[in-house]
Structure formats: C-alpha cells, structure tokens
Amino acid sequence: MFRGSRTGRHAALEAEHRRIESVPAEAADGATPSDPTWPDRLMEAMAELRDHILKEQDGVFPAALADLSTEDWEAVEATRAKGGQHPVPAGRLSAPLDMRFEAAGPS
C-alpha cells in the first residue's frame, strides 16, 4: 500500500500497536492483573497510545490521501465492508493491521 521509505515507518507503527495492546490484554479476563507494575504500565501504554494516534492522524492518514490510488481505497472499503469476518484472535483487543488492510494488497 505505502511506497518507499514509509514501509519502515508502517512496521514501526504496527510494533507500537502490539506493544500498546499487550498491556490491557493482560486484563482480558476482566480481572486486574496481580503484577504491581501493571497500573503504571497501563498508564504508560495509554500515553503511548495518545502519541500513536497523533502519528497516525498527522502522518499516516495524510500520507494515505496522497499515496493511495482509487483502487487502493476501493480495496480498503471492501475490507471495511467485510466487517466482522475476521475474528479477533484471543488475547487481542483489535484485529492486526495486516488483517484490516489485507485487501489493499502488498505494501
């Protein structure tokens, strides 16, 4: 989907997704984890999430507007239209990016 040097940044953003979602996933069973460091790690993950959202909002999304072709956008829309056809794997809070954008083709 994204061309050139942006693919490395895409991989970094995906790694942030994994790091951020791993902390709240520790409470996926509904119970607060017994690890005494968990509340602080959760707050750190939420701070990272805020920064991550800004990176996507101010970088990825404008780049998508510039870089994606009509066919790419149609593929994204087709993937969105599938909605819940991709179950979220156990222990995850969201579907991975590669599942959400797989119809858009290789990056």
Side-chain angles (χ1 to χ4, degrees):
M1 249 166 65
F2 290 106
R3 287 121 180 108
S5 66
R6 291 196 176 120
T7 57
R9 284 182 252 165
H10 183 246
L13 288 170
E14 285 185 342
E16 286 181 11
H17 276 242
R18 304 295 84 78
R19 257 192 330 275
I20 293 166
E21 66 190 13
S22 70
V23 179
E26 293 175 37
D29 63 0
T32 302
S34 60
D35 177 356
T37 68
W38 186 81
D40 289 334
R41 290 187 300 113
L42 180 63
M43 295 306 293
E44 290 169 11
M46 295 302 99
E48 185 175 4
L49 175 61
R50 182 183 187 284
D51 292 340
H52 178 86
I53 289 169
L54 292 173
K55 288 176 192 175
E56 290 184 344
Q57 171 187 300
D58 298 338
V60 174
F61 300 144
L65 291 173
D67 285 356
L68 297 182
S69 68
T70 300
E71 294 78 21
D72 290 333
W73 282 112
E74 289 171 352
V76 168
E77 287 303 318
T79 300
R80 285 182 182 159
K82 287 189 215 178
Q85 290 187 11
H86 289 294
V88 176
R92 296 190 73 101
L93 299 179
S94 64
L97 286 174
D98 57 340
M99 291 170 96
R100 287 183 256 165
F101 295 105
E102 70 181 7
S107 47

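- By the 4.5 Å heavy-atom criterion applied to side chains, H10 and L13 are not counted as neighbours.
- Under the 4.5 Å side-chain criterion, counting only non-hydrogen atoms from C-beta, R41 is in contact with D35.
- For the atom pair NE2 (H17) and CG (L49), the distance works out to 8.5 Å, reported to the nearest 0.5 Å.
- Using a cutoff of 4.0 Å between basic side-chain nitrogens and carboxylate oxygens, R80 and E77 are scored as salt-bridged.
- Shortest non-hydrogen contact noted between P62 and E56 is CD-O, 4.0 Å.
- R19 pairs in a salt bridge (Lys or Arg N to Asp or Glu O under 4.0 Å) with only one of the listed residues (E44, E48, E14), which is E48.
- Judged by distance alone, with hydrogens and angles left aside, the side-chain atoms of W38 form a donor-acceptor pair with the main-chain N or O of V23 at under 3.5 Å.
- Interatomic distance, I20 CD1 to I53 CD1, rounded to the nearest 0.5 Å: 8.0 Å.
- Residue M46 places its CE atom among more than 12 non-hydrogen atoms of other residues, nucleotides or ligands, all under 6.0 Å distant.
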